[in-house]
Peer 1: 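Quick one: structure below, then a few questions.
Note that the coordinates shown come from a computational prediction; the quantities given were computed from them, not determined experimentally. For the numbers below, each heavy atom of this structure counts, side chains included, while hydrogens, waters and symmetry mates do not.
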Amino acid sequence: MLEVARDLVGCVVSHAGASGVIVETEAYHDSEPACHAFVGLTNRTRTLFGPPGRAYVYRSYGIHALLNAVCEPEGIGAAVLIRALEPLDGIELMRTRRGLGRVEQLSSGPGKLTQALGIDLTENDTPLTGAGPVAIYPCPTARGDVELVVSQRIGITKAVELPWRFCAVGSVHVSRRN
DNA sequence: CATGGGATTGACT
DNA sequence: GTCAATCCCATGC
């Protein structure tokens, strides 16, 4: 799971005419209380405990949709939260969806990037492999080898100490800089 | 069936 | 720096 979180930085996520390069991720696992799957298998966490390579999308604070990639085998509740993107294609469409002009603010946060890509709860439990509406794949240009900085996860109240956040060094598109 | 708490954001002091 | 918006869902009565 941590390996997936590291590998996803530098990959491309695309949906509905827009795409971006992942510059920030966080890992979550059912063994620690910050993870939704910590409470066990419920209707909400069904996707998390399902097969890997699918999207877990949920509503945060009643307002935002947050995108995760489920990443451990079926029966283990673990996922990687996609926290920020560097816009790649469909930037005008992203601007329209976000109602903003500045590229640095189009997708520099987990709620912002789903809005920019047009992702909502209907994409929950769909495959990320290319067979579904949301696709994640390696960056076509030589962007794969990114230097990472590891830190504590953001915006949570439990298991705050785990160093499970991964950011691309120097990116101006991460949600919060060091 | 009622309640409370978020893996956030943007507006405002 | 503070704070409200807003809804899904797990929990408890």
Peer 1: Quick check on the 6.0 Å ring-centre criterion: do A/His36 and A/Tyr28 meet it?
Peer 2: no
Peer 1: Just to be sure I understand: a Watson-Crick pair is purine N1 to pyrimidine N3 plus N6-O4 or O6-N4, both under 3.5 Å. Using that and G-U wobbles, which stems of three or more pairs involve DNA chain B?
Peer 2: B:1-6 with C:7-12, B:8-12 with C:1-5
Peer 1: Send over the distance from A/Tyr61 OH to C/dA4 P, rounded to a whole Å.
Peer 2: 14 Å
Peer 1: What do you reckon, do A/Tyr28 and the base of B/dA7 stack, with centroid distance below 5.5 Å and planes below 30°?
Peer 2: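 Stacked: ring centres under 5.5 Å, planes under 30°.
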Peer 1: Answer whether the closest heavy-atom distance between the side chains of A/Leu121 and A/Arg59 falls below 4.5 Å.
Peer 2: yes
Peer 1: Please determine whether a side-chain nitrogen of the Lys or Arg among A/Arg6 and A/Glu3 lies less than 4.0 Å from a carboxylate oxygen of the Asp or Glu.
Peer 2: no
Peer 1: Between A/Val160 and A/Arg153, is any pair of side-chain heavy atoms under 4.5 Å apart?
Peer 2: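 The answer is no, as the side chains (C-beta and beyond) never meet within the 4.5 Å cut-off.
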Peer 1: Look at all strands and tell whether A/Ile63 reaches a base, only sugar-phosphate, or nothing, counting heavy atoms closer than 4.0 Å.
Peer 2: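 Contact class for A/Ile63: base.
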Peer 1: Answer with base, sugar-phosphate or nothing: what part of the nucleic acid does A/Arg153 contact at a heavy-atom distance below 4.0 Å?
Peer 2: nothing
Peer 1: Cation-pi between A/Arg44 and A/Tyr56: NZ/CZ under 6.0 Å from ring centre and within 45° of the ring axis?
Peer 2: no
Peer 1: For the pair made of OH in A/Tyr56 and C1' in C/dC9, what is the distance, rounded to whole Å?
Peer 2: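 Checked: the OH to C1' distance equals 10 Å.
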Peer 1: How do A/Ala37 and A/Leu100 order along DNA chain B: which one's closest nucleotide is nearer the 5' end?
Peer 2: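 Mapping each residue to its closest nucleotide by heavy atoms, the 5'-most match is A/Ala37.
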